[in-house]
Amino acid sequence: MAKVILKGIKKIYPGNVYAVKDFNMEIEDKEFIVLVGPSGCGKTTTLRMVAGLEEISEGELYIGDRLVNDVSAKDRDIAMVFQNYALYPHMSVYDNMAFGLQLRKMPKNLIDQKVKEAAKILEIEHLLDRKPKALSGGQRQRVALGRAIVREPKVFLMDEPLSNLDAKLRVQMRTEITKLHKKLESTFIYVTHDQVEAMTMGSRIVIMKDGDIQQIDTPQNVYENPENLFVAEFIGSPQINILHGTVVKNHDKIELQLDDDTPINITEEMQKILEQRGYLGKKVYVGIRPEHLHERDIQPLHHDFSTIYGKIEVAELMGAEKYFHMMISGKQIIARVDSKSVKKAGDDIELNYHWNKVYLFDFETEKRII
Amino acid sequence: MESMKAVLQEIGRTMDKKVFVVAQEKVFAYPSDAEISISLTELQENLGKNYKGYNIYSLSSEYPDTYVCLEGESFCRDTIANLVLIMLARALQEHKSLHQLVKGVLKGNIEDEQRFMLEEKKRKLLPAYLIMIDTLGKYSEEVLEITSNYIDIKLQLINEDHVILLSGDGAIEDLCKDIRTNIMTELLTDCSIAIGGILQHSAELGIYYNRCLETMALKRRFKLPENVYHYEKMDFYRIAADINPELKESILQKVFSKKFEEALDHEMVTTIEEYFKNNLNLTDAAARLFVHRNTLLYRLEKIYRHSGYDLKNFSDCWLFQLAWVIRKEKAI
């Protein structure tokens, strides 16, 4: 069993600087957890505290049933993989994977068994005699993973392992690591700044900012139900469109009036919530994801929708879809439409959206209202 | 221990026999992947005998706790065995001598400096980078194993709580970062690495060693975030360390007014750190912070409003950065 429990974990540096403020989470055995966020958010510091490379200022850390705050890193039954994997250049793949076990004075026959098992899992048995310079980038990354696997840890900790790879290799290795997780049936805690990695790899993702957890949830929920503006903007590519609006009453209907007086309509239920919570007359952030803006001529909507109008500034053909960049109410927005569209830069466009696809965020707290 | 390994290889190949040298916890073997299944206690008890297919010898009277195991069917102390022991003892003596010399130089012993100069000329150790690795005294032997397998080592030894090495490799900063990664991966412990510079003459050994110590001290003093530092890039912190306390306090008070301190939140701190780390490049810093470039500009504007210092302006920025590191130095 390799459950990892973080209770009130804090990291405080001299000068009362809180790198990690109050991290609480229970990671189930065999879960693949991704910590994601911008630089300085505390994700690597959290990982290092789990590893034992960084002292925990406050709080409790459990690995399995054991409180490990004062347990040294080498006794926590963990293994780490880093961004620059630094394989020993003059050693074969076999020796690279065996080296750590030799340092721990493990018997030769046991080392041999573990290295061969790991090589089989990684499908690199045919590479065991090769030196790193004779390997491709992806193969080297697999050897780096092999160095961790031979330890047979309860928990794998990965600190941005794909950051140094080119885009194509990163996509390939994402899949490899996901497959590896299934094969090994171990707990993985993975740190990245890349929201695409987080969304595609994690069973749950932890979005962090300024030392705080913003949201912990499945990738789908984080995308569809962001708890605040930061999460909504961080997750999703292209980024969610955010406009400024004021909650106004127009006859008996509550709507959002953008800065240029463009009305944004919402469902009756959303109108009730805004009124009940006292948002009438108040400013809010209005979010609409690019894929929820439909070109009227290509993908007409039939009910509970409204239209906004814009002039396309830039049209990008992405293959299966097009991105239209335009200004609406003084803000740059992007619409993601079908590639069948014949519109181009300079054209006027009518975009429809469903009322229930509008996200609203409190202007002061940035927390999601609806 | 390169000379010991080299001599062992020579002996093993020539005699076509397995050879082990056991020095306390350390075992040198030919072939290098051979394993010996004889404990220290068994070696002590079977000294001067054939045991488990090996003739057990003591290396020399100078190294009574070092054993040599030579593959054989029956024990004998013939000329060949004596020659093997002499060669191995000399290799060990050479290795220890050089290490003792270097340690003496680092302690400031002038006689050792002279002898090291002669020894260095013989062995052609220089030019080489002088590097110091600080693992707080933990796992020093294992660190030696890691470094000797990763970079070109001319000399390495443990001095007090540090590992000191001379390396002839180029791209030394990147290699040191890799060494740190390997130390963390294999030993699950972090370390700091200081690069003293390229040692051209043996007379500079003490100077470059002190540079490494100074670099480590500056890292601790100013709570610098990275773990690999080159002395050549520490001038800013050396100057900051040398400023007299009254002037430091005055600079600190000037930049960090009460009003600014109260306004300084986590977002501002991260923004400042990232802006400096990315060498004042707005685009790079914004990307790392995951904000729009305009958002970063807004944040810098906010810092300007609260502090009076525009970080986009050089004459404001240099003083602010100086005050920033002084502030970190003071933080407890």
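Quick caveat: nothing in here was measured; it's all calculated off a predicted structure.
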Peer 1: Who among A:R147, A:H193, A:M80, A:M91 has the most heavy-atom pairs with chain B under 4.5 Å?
Peer 2: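 Of A:R147, A:H193, A:M80, A:M91, A:R147 has the most heavy-atom pairs under 4.5 Å with chain B.
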Peer 1: Using heavy-atom distances under 4.5 Å, tell me whether B:K328 contacts chain A through its side chain, its backbone, both, or neither.
Peer 2: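 Neither the backbone nor the side chain of B:K328 comes within 4.5 Å of chain A.
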Peer 1: Using heavy-atom distances under 4.5 Å, tell me whether A:R104 contacts chain B through its side chain, its backbone, both, or neither.
Peer 2: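 No part of it gets close to chain B.
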Peer 1: How long is the span from the OG atom in B:S148 to the NE2 atom in A:H90, to the nearest 0.5 Å?
Peer 2: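 The NE2 atom of A:H90 is 10.5 Å from OG of B:S148, to the nearest 0.5 Å.
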Peer 1: Does any N or O in the side chain of A:R151 come within less than 3.5 Å of the main-chain N or O of B:E186, such that one atom is a donor and the other an acceptor?
Peer 2: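 Between the backbone of B:E186 and the side chain of A:R151 there is a qualifying donor-acceptor contact (under 3.5 Å).
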Peer 1: Can you name the nearest heavy-atom pair linking A:P38 to B:L289, along with the distance?
Peer 2: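 Looking at all heavy atoms of both residues, the shortest contact is CB-O, 3.3 Å.
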Peer 1: Looking only at non-hydrogen atoms, find the nearest pair between A:P89 and B:N149 and report the distance.
Peer 2: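 Residues A:P89 and B:N149, closest heavy atoms: CD-O, 4.0 Å.
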Peer 1: Heavy-atom cut-off 4.5 Å, strictly under: side chain, backbone, both or neither for A:Q239 against chain B?
Peer 2: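 Side chain only.
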Peer 1: Any idea which heavy atoms bring B:L188 and A:A73 closest together, and the distance?
Peer 2: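 Smallest interatomic distance, heavy atoms only, reads O-CB, 3.1 Å.
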Peer 1: Go through the atoms of B:I179 and report whether side chain, backbone, both or neither lie under 4.5 Å from a heavy atom of chain A.
Peer 2: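 For B:I179, neither part sits under 4.5 Å from chain A.
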Peer 1: Is chain A contacted by the side chain of B:L175, its backbone, both, or neither, given a heavy-atom distance below 4.5 Å?
Peer 2: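 Contact with chain A is absent: no heavy atom of B:L175 under 4.5 Å.
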Peer 1: How far does OH of B:Y150 sit from CG of A:L87, to the nearest 0.5 angstrom?
Peer 2: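 Going from OH on B:Y150 over to CG on A:L87, the span is 7.5 Å.
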Peer 1: Ignoring hydrogens and angles, tell me if any N or O in the side chain of B:H266 forms a donor-acceptor pair with the backbone of A:Y18 under 3.5 Å.
Peer 2: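 Here the side-chain-to-backbone pair exists.
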Peer 1: Can you tell which part of A:L101 gets under 4.5 Å to a heavy atom of chain B, answering side chain, backbone, both or neither?
Peer 2: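 Nothing of A:L101, per the 4.5 Å heavy-atom cut-off to chain B.
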Peer 1: What part of B:T181 gets closer than 4.5 Å to chain A, counting heavy atoms only: side chain, backbone, both or neither?
Peer 2: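 B:T181 touches chain A through backbone and side-chain heavy atoms alike.
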Peer 1: Any side-chain donor paired with an acceptor under 3.5 Å for A:N84 and B:R180?
Peer 2: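 No donor-acceptor contact under 3.5 Å links the two side chains.
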Peer 1: With a 4.5 angstrom heavy-atom cut-off, could you sort out which part of B:E267 is near chain A: side chain, backbone, both or neither?
Peer 2: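 Contact with chain A involves both backbone and side-chain atoms of B:E267.
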Peer 1: Quick check: do B:N182 and A:F99 have side-chain heavy atoms less than 4.5 Å from each other?
Peer 2: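 Sidechains of A:F99 and B:N182: no contact.
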